[in-house]
> 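Here it is, the structure, as structure tokens.
Below, chains carry the letters A, B, ... as their sequence lines are ordered, and counting in each starts from 1. Since we're looking at a predicted model, the values are computed, not measured.
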Protein chains: 2
Amino acid sequence: MSTRIAHAGLRRKVMSARDAAALIRPGQNVGMSGFTGAGYPKAVPQALAALMGEHRARGEDFRIGVWTGASTAPELDGALAEADGIELRLPYQSDPVSRAKINAGTMEYIDVHLSHVAQMVWEGFLGHLDVALVEVSGITEDGDLIPSSSVGNNKTWIDQADAVILEVNSWQPLELDGMHDIYYGTALPPHRQPIMITEPGDRIGVPRFRCPPEKVVAVVETHAPDRNSAFKDPDAESRAIAAHFIEFLDREVASGRIPPGLLPLQSGVGNIANAVLAGLADSGRTGLTAYTEVLQDGMLDLLESGTITLASATAFSLSPAGIERFNDNVAFFRDRIVLRPQEISNHPEVIRRLGVIASNGMIEADIYGNVNSTHVMGSRIQNGIGGSGDFARNAYISTFVTPSTAKGGALSCIVPMVSHVDHTEHDVDVVITEQGLADLRGLAPRRRAARIIEQCAHPAYRPMLHDYLERATAGAWGRHTPHLLGEALSWHQRYIETGTMALTPAAAAPLRPTAPS
Amino acid sequence: MSTRIAHAGLRRKVMSARDAAALIRPGQNVGMSGFTGAGYPKAVPQALAALMGEHRARGEDFRIGVWTGASTAPELDGALAEADGIELRLPYQSDPVSRAKINAGTMEYIDVHLSHVAQMVWEGFLGHLDVALVEVSGITEDGDLIPSSSVGNNKTWIDQADAVILEVNSWQPLELDGMHDIYYGTALPPHRQPIMITEPGDRIGVPRFRCPPEKVVAVVETHAPDRNSAFKDPDAESRAIAAHFIEFLDREVASGRIPPGLLPLQSGVGNIANAVLAGLADSGRTGLTAYTEVLQDGMLDLLESGTITLASATAFSLSPAGIERFNDNVAFFRDRIVLRPQEISNHPEVIRRLGVIASNGMIEADIYGNVNSTHVMGSRIQNGIGGSGDFARNAYISTFVTPSTAKGGALSCIVPMVSHVDHTEHDVDVVITEQGLADLRGLAPRRRAARIIEQCAHPAYRPMLHDYLERATAGAWGRHTPHLLGEALSWHQRYIETGTMALTPAAAAPLRPTAPS
């Protein structure tokens with residue numbers, strides 16, 4: 001048995017994943033660990049999926065509610081979705097099997113601001129939490145739980161569930177111990193107090209989760225890696241977007257609107273975000289900080305080079321190569337990284353106070369600067385809003401990034417009207433594509449439109465967008481935010497019907513390859 | 001000369017409104033006091049409008065940028081708009097002349113979250129502020145300024161402008177002195193500190209504005225009432241909405257999800273909000289509090305009856321009768337009212353900490369719970385988003401209210417897709433019409449739709465909405481949030497073309513009168 005379980009009473013609760021899974025009953029709500037493919041339980045969900053299959057073979061339905069930090073991995077979301085075992089999923093996911101079922105209408109999904117989840121559970125708004133299923137790195141003699149590679153909502157799951165199932169994953173580096181800052185100062189109103197973080201590195205909690213040992217009904221040992229998908233090297237589009245972003249930051253510093261050490265950076269997950277980090281590494285700046293959700297490979301470079309001196313997040317999202325680098329230099333990184341519960345990493349109070357510079361990906365923006373982060377063609381969920389709303393609304397400067405086209409040019413990511421709104425014009429300061437950057441601050445709607453079309457739209461779609469804006473300004477029912485309602489969503493409808501937003505297939509032909517202007 | 005100007009140096013700067021107005025130059029940005037028809041300058045804007053007219057008669061353009069707290073009155077917005085004197089208006093307005101010009105495309109308007117305005121000015125994102133034009137109740141011997149009936153952004157205007165013009169309005173009760181709490185602790189990041197309010201009545205500032213006397217270029221004496229529009233007695237629809245809201249609060253208390261003393265209440269401005277307050281007065285509850293933007297007549301009743309013991313806001317919005325009651329009992333109200341800068345009354349940090357129960361009006365909601373607060377038929381601005389985003393995103397429970405129909409039934413306020421989004425599905429917990437209340441917490445999109453249609457839509461529009469949802473679920477490109485993009489905005493287009501959202505004029509005929517179910 002692993003030496004990672006130092007508490008005698010909990011050692012006696014070690015059992016197989018199958019036995020642990022059998023403690024979960026149909027219809028229960030299960031709060032699972034996991035955030036962006038890090039720190040999710042690796043064994044019990046698969047055992048549970050197998051049990052579900054056996055039930056179904058006997059003609060019995062077995063489905064549960066699955067609540068997590070954010071996205072997990074095939075071993076969790078994939079396995080349970082394949083088994084048709086998820087009744088309701090929240091607050092974020094990115095699994096292809098789950099996505100297909102949600103969009104087929106056979107799995108329910110609630111898309112929630114990541115900072116809101118814990119409080120909604122404490123408030124009782126989501127129903128009762130029956131079981132917490134949480135991966136940890138180890139258990140101390142006192143029964144405290146050493147967190148794993150993500151924190152997410154684990155504190156809330158452990159506190160709120162009737163019963164706790166632990167997976168102790170010996171693959172996770174034990175050196176994670178001490179890196180986390182678990183804040184136990186949250187409360188329900190009228191008892192809430194200020195969250196006393198004034199710098200990204202401030203520690204206001206304790207390094208481990210508390211959990212009464214009698215609440216633990218099972219301990220399962222695992223030795224399995226996190227999802228760890230590899231990042232592609234930034235492509236030309238991502239590098240162009242990163243260059244626009246960094247040029248913008250330079251201008252803001254030069255104008256005196258942000259200090260030379262910038263302000264804490266937040267960046268979404270993915271290759272564009274990683275390219276921005278790579279661009280920062282080349283920018284010559286030092287002494288920056290990050291107050292963000294997830295630490296990607298690029299952040300390790302920045303920490304090692306001294307570009308960034310401190311990074312706060314709720315989870316890692318490292319590639320296999322990144323994990324190796326992290327493990328090789330873990331003492332160095334421990335002093336420079338704080339992992340927090342997602343209600344704190346994403347807390348509006350802290351984000352606004354720190355003055356975070358936010359950069360989030362999106363599916364599409366419209367000419368007036370409304371942003372769709374979640375729905376393809378207005379109806380199909382892609383992943384979810386994640387923490388983008390927590391950051392965008394409260395940021396010092398809120399930027400959104402996307403390539404100007406997708407699907408080989410068949411989709412314009414700048415459209416007359418977005419098919420779903422996650423971030424309103426009120427919360428979008430800057431839009432960036434590989435074509436350029438539109439600074440929308442202080443602009444009324446029609447000026448925003450002109451700037452977005454000119455700076456961000458792909459040249460192949462620019463004439464269509466100009467044409468729409470002109471005709472809308474002439475013919476709309478009002479000229480504040482002119483729209484032709486019969487036509488506003490026609491680009492999306494045309495894509496559904498013809499496979500392209502372009503008016504003729506020929507119009508989309510010159511779309512690739514294109515050099516950024 | 002009024003005894004209200006106790007500072008000798010500033011007494012020497014008293015001049016006519018016309019002379020003061022002449023200090024404002026074309027192209028300047030002017031930060032004016034005023035929030036919901038309270039505390040706006042009464043004389044200089046009209047004198048300025050006259051000057052603009054004279055300039056125009058000479059063939060010279062004279063327009064300025066007008067920044068305020070929120071809406072003002074005909075003497076300010078109306079006069080300057082009539083004179084074609086506003087180049088750009090922000091962050092909120094409700095003046096019919098301005099609205100017409102904005103929607104004709106001849107005046108620019110930027111609609112901003114009210115909590116964001118001050119910081120955007122400090123950050124330098126809106127350009128330079130040249131002049132502050134602020135109504136006060138008086139000037140002390142030391143040159144401190146006794147605020148008037150609204151605080152709004154006045155602290156920021158006085159601090160940030162190159163020059164300050166004061167209107168000292170002797171109509172305002174001097175007893176206002178001591179009622180305000182002007183917080184001087186804001187800063188730009190990285191120097192921001194927690195805002196140490198943990199109860200609605202906490203005072204963290206000083207009662208008066210500081211202003212270096214040498215910065216004041218003119219003092220103008222006035223004796224003129226605030227706009228003070230009278231409230232109608234709540235109609236049957238407003239009373240029905242209020243009853244649903246209060247029944248909901250009772251259920252939440254009974255379930256233990258909110259404490260018996262409730263949580264601090266925020267309610268938007270207008271007759272429905274006033275009806276909710278009247279309903280609370282009849283509810284038998286005592287010891288409640290309010291953390292809101294504006295104090296209407298109904299709040300005076302609640303304070304006098306002890307239903308509410310403390311109300312925090314940034315402005316009054318009292319009817320003439322309400323003003324009289326306030327003046328008759330001003331010592332009583334002073335102990336129970338705190339007026340704050342709008343960056344504090346609407347601060348996300350404080351709203352989330354206090355756990356405010358928010359209730360805001362809207363133009364329309366769609367079946368999935370997205371809310372349009374600002375744009376009629378997607379293109380025409382009505383007023384603006386005001387503080388609804390500050391409250392909805394950060395509230396303990398976020399409710400939105402509207403009658404189920406407007407224009408005598410020609411408009412359904414529940415539509416397939418809103419024509420503009422100000423509050424996304426992520427920020428809307430509860431929708432209330434006179435028909436009923438839809439509690440959307442913990443529901444996936446199609447369940448939200450079914451509940452909104454059944455609980456909130458007018459019976460005359462319910463079959464059309466059910467039909468849309470059914471056909472969309474069957475035929476949309478995805479079933480997570482099913483929409484038929486060619487049809488989603490057709491109700492609005494039909495209204496523009498035919499004057500009703502109903503499919504046939506006959507369908508709208510039975511719409512009035514209707515009893516709430």
> Can you label the angle between the B:His113 ring and the A:His426 ring as parallel, tilted or perpendicular, going by 30° and 60°?
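B:His113 and A:His426: tilted rings.
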
> If you measure from CE on B:Met377 to CH2 on A:Trp477, what distance do you get to the nearest 0.5 Å?
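Spacing of CE (B:Met377) from CH2 (A:Trp477) equals 5.5 Å.
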
> So which residue, B:Pro194, B:Pro264, B:Gly105, ends up with the most heavy-atom pairs under 4.5 Å with chain A?
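Top option by heavy-atom pairs under 4.5 Å: B:Pro194.
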
> Considering only heavy atoms and a distance below 4.5 Å, find which of B:Gly355, B:Ala444, B:Ala472 pairs most often with chain A.
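So the answer, after comparing B:Gly355, B:Ala444, B:Ala472, is B:Ala444.
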
> Counting only heavy atoms closer than 4.5 Å, note whether A:Pro482 contacts chain B via side chain, backbone, both or neither.
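The backbone, not the side chain.
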
> With side chain to side chain contact (heavy atoms under 4.5 Å, CB included) as the criterion, how do B:Thr106 and A:Arg479 come out once you've worked through the C-alpha distance, each side chain's angles and the decisive distance to 0.1 Å?
CA-CA 9 Å; B:Thr106 57; A:Arg479 289 184 182 167; over 6 Å; no

> Kindly determine whether A:Arg353 and B:Glu349 satisfy side chain to side chain contact (heavy atoms under 4.5 Å, CB included), including the steps that lead there.
CA-CA 9 Å; A:Arg353 183 181 305 141; B:Glu349 172 178 338; 3.1 Å; yes

> Can a donor-acceptor pair be found, under 3.5 Å and without considering hydrogens, that links the side chain of A:Arg441 to the backbone of B:Gly124?
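Absent.
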
> Verify whether one side chain among B:Ser379 and A:His480 offers a donor that lies under 3.5 Å from an acceptor in the other.
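Result is no, nothing qualifies.
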
> Given heavy-atom pairs under 4.5 angstrom as the criterion, report whether the side chain, backbone, both or neither of B:Leu354 touches chain A.
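Answer is backbone: N, CA, C or O of B:Leu354 sit under 4.5 Å from chain A.
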
> I'd like to verify something: which residue of B:Asp429, B:Thr473, B:Leu126, B:Leu263 has the highest number of heavy-atom pairs under 4.5 Å with chain A?
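Highest number of heavy-atom pairs under 4.5 Å: B:Leu263.
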
> When rounded to the nearest 0.5 angstrom, what is the spacing between CZ in B:Phe125 and CG in A:Asp439?
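The distance works out to 8.5 Å.
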
> Rounded at 0.5 Å granularity, tell me how far CG in A:Asn372 sits from OG1 in B:Thr424.
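Output value for this atom pair is 11.0 Å.
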
> Keeping A:Arg192 on the side-chain end and B:Arg352 on the backbone end, is there a donor-acceptor pair under 3.5 Å?
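Answer holds: yes.
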
> For A:Val376, is it the side chain, the backbone, both, or neither that has a heavy atom closer than 4.5 Å to a heavy atom of chain B?
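Its backbone and side chain both get close to chain B.
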
> For chain A, which candidate among B:Met107, B:Glu199, B:Arg257 shows the most heavy-atom pairs at distances under 4.5 Å?
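The option with the most such pairs is B:Arg257.
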
> Apply the test side chain to side chain contact (heavy atoms under 4.5 Å, CB included) to residues B:Gln193 and A:Thr198: give CA-CA distance (whole Å), side-chain angles for both, the deciding distance (0.1 Å), then the verdict.
CA-CA 6 Å; B:Gln193 295 297 317; A:Thr198 56; 3.6 Å; yes

> Please round to the nearest 0.5 Å and tell me the distance separating atom CD1 of B:Ile496 and atom CG of A:Leu485.
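Between atom CD1 of B:Ile496 and atom CG of A:Leu485 there are 5.0 Å.
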
> If you count heavy-atom pairs under 4.5 Å between each of B:His191, B:Arg393, B:Glu487, B:Glu252 and chain A, which one has the most?
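Option with the top pair count is B:Arg393.
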
> Give, as side chain, backbone, both or neither, the part of A:Arg89 having an atom under 4.5 angstrom from any heavy atom of chain B.
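No part of it gets close to chain B.
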
> What part of A:Asn394 gets within 4.5 angstrom of chain B, counting heavy atoms only: side chain, backbone, both, or neither?
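Contact with chain B is through the side chain of A:Asn394 alone.
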
> So for A:Ser115, is it side chain, backbone, both, or neither that comes closer than 4.5 Å to the heavy atoms of chain B?
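Looking at A:Ser115, backbone and side chain both touch chain B.
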
> Regarding A:Glu108 and B:Arg447, does a basic nitrogen lie under 4.0 Å from an acidic carboxylate oxygen?
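A salt bridge is present here (some side-chain N lies under 4.0 Å from a carboxylate O).
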
> Please state whether the side chain, the backbone, both or neither of B:His420 comes within less than 4.5 Å of a heavy atom of chain A.
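It is the side chain, since no backbone atom gets that close.
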
> Quick one: pull up CD1 in B:Ile258 and CG in A:Leu188 and give me the separation to the nearest 0.5 Å.
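CG of A:Leu188 is found 12.0 Å from CD1 of B:Ile258.
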
> Of the listed residues (B:Arg448, B:His483, B:Glu123, B:His116), which shares the most heavy-atom pairs with chain A below a 4.5 Å separation?
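Most heavy-atom pairs under 4.5 Å with chain A: B:Glu123.
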
